[in-house]
Amino acid sequence: MKKLNNLAESSFLRLFFAFVSLCFVIAAFFMPDSSTMFTGLWKITTGTCKISTNYFALGGYAATFLNMGLVGLFCTALCCLPGAKPNNVTTLGVLLTIGFGSWGMNLLNMIPTVLGVMLYALVKKEKLGAVSNAMLYSTGIAPLISDLLFRYPGVEYIGFNWLGLGLGLFVGLIIGFFLPAGLAHAPNIHKGYDHYSAAVPIGMTAFFLRAVLYNVMLGTTPGAQGLSTMAALDVASFANTNIFCFVVFGLCVVFALLMGCTPKDYWNLMKDSGHGVSFTTKYGYAPFLMNVGLYGLMIVTYFNIAGNIDGRNVWTGMTFGIVFCMLATCNSGSHPGNVWPIMAGYMITSFLFGWIFRLLGGENYGLTIGSQSILIGLCYANGLSPISGKYGVFHGMLAAGLHYLLVTAVPDMHGGFCLYNGGFTAALICLIFVPQLEKFCKTKEERKAARLAKNGK
């Protein structure tokens, strides 16, 4: 196992992506509804999927796992294109896309935007592998592609039709063609304090297209198709999701130990602020794998605790997927040390505003810590972990609280067509909060230097 440490970073990450993807494919055959796996996959592929669509309800458990695995293998194939050099940004894109495979993405609605990025590479005379990361992130608008394919220009489901196929392909090509320029500019907006950089151009694109294609041209925006079945929140499985996550993340811990990871190695990683870093480059493969395992277990444990607090089974297709959407930042700066303040901030804000809600005479507060919208929101609030890593626990908790207050309102902007909803919210929080931090607050390093200087005197 220690020989893995001698692999090139790109080779190791490709192997990691393939491992995660195959875990889903293999698990699909052990699901209790494996006999309906392929019919369920067809329902997922040919359905609309505005956020939040529960693929457990739409296609079943086996079909959802299979879809996630196939999406992951497709992403891995993109990382093998000539000129591709997978890195921490690729890790985020692959795991994020795999996570979307349980509540908004499939092999069909990924293709048009990926082809658009390929068209960009052809026009700019770049190797396809050089824009493979852009291909991954372009798929964040997949729900819009499905809507265009199967029910535009109306709001009722039509199914395959020539107008939809042409429109979905055309819009996907346009989005993919212009996205690389937006991705290059996005980090300048939040200064590296939002791990989900792609959310900015994707979110703004969804906002624009929703306004033009629906508000202006149709005068309405459709809801989730077949709400009673496709977005049902009562189809959930505690056992399937927990067993899978504990096995996969446990294996990552075991592999990390076999590769030579020591407590000191991982502690060094845990002390990192998480701002502008690649863990595989800075700390090596074994500590990275240890972070995947322990951080993943932390996420699952938090979701279970949130469900127990609310007295519900939170494990729908969406929450299962967002475990991996949240884990996606495991190579870009997130670890238990800088994420726990984000989790605490979300929980405290939920309790506080629930108390205020009841104090004002309200009943049945809908944004409890175990509700689907808040758990999904927390996933992307995780992208603000560099704030807690750079400035401290209190600042991370405050950023998380601001994210909590805003995240459920943002889908109205893009009509539910952007899978990066919470990441787009995180970018908005950075626009509001980071300038104030830079103006009025010192980083942890600056405070430490000031203390040393004072003691030196």
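Under the 3.5 Å distance criterion, the side-chain polar atoms of Asn67 are matched with a main-chain donor or acceptor of Gly101. Side chain of His275 to backbone of Lys191: a donor-acceptor contact under 3.5 angstrom is found. Tyr404 places a side-chain N or O within donor-acceptor distance of the main-chain N or O of Leu367, the cut-off being under 3.5 Å. Side-chain atoms of Ser388 do not come within 3.5 Å of backbone N or O of Leu384 as any donor-acceptor pair.
Among Phe244, Phe324, Tyr295, Phe255, the one residue that satisfies the ring-ring contact (aromatic ring centres under 6.0 Å, His included) test with Phe249 is Phe324.
Because its NZ or CZ atom is both nearer than 6.0 Å to the ring centre of Phe417 and within 45° of the ring axis, Lys50 counts as a cation-pi partner of that residue.
The heavy-atom pair separating Val292 from Leu327 by the smallest distance is O-CD1, 3.5 Å.
Taken to the nearest 0.5 Å, the OG1 atom of Thr262 stands 12.5 Å off from the OH atom of Tyr266.
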| Run the ring-ring contact (aromatic ring centres under 6.0 Å, His included) check on Tyr196 and Tyr380 step by step: do they pass? | CA-CA 8 Å; Tyr196 301 102; Tyr380 294 99; 5.0 Å; yes
| field | side chain to side chain donor-acceptor pair (under 3.5 Å) between Thr45 and Asn106, intermediate numbers included | value | CA-CA 6 Å; Thr45 304; Asn106 54 67; 4.8 Å; no
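Ring-plane geometry between Tyr61 and Phe56 is classed as perpendicular, the angle between the planes exceeding 60 degrees on a 0 to 90 degree scale with a lower cut at 30. Note on ring orientation: taking the six-membered ring where Trp is involved, the planes of Phe288 and Phe12 are perpendicular (angle over 60°, cut-offs 30° and 60°).
When only modelled atom types and interatomic distance are considered, Asn382 and Ser385 share no side-chain donor-acceptor pair under 3.5 Å.
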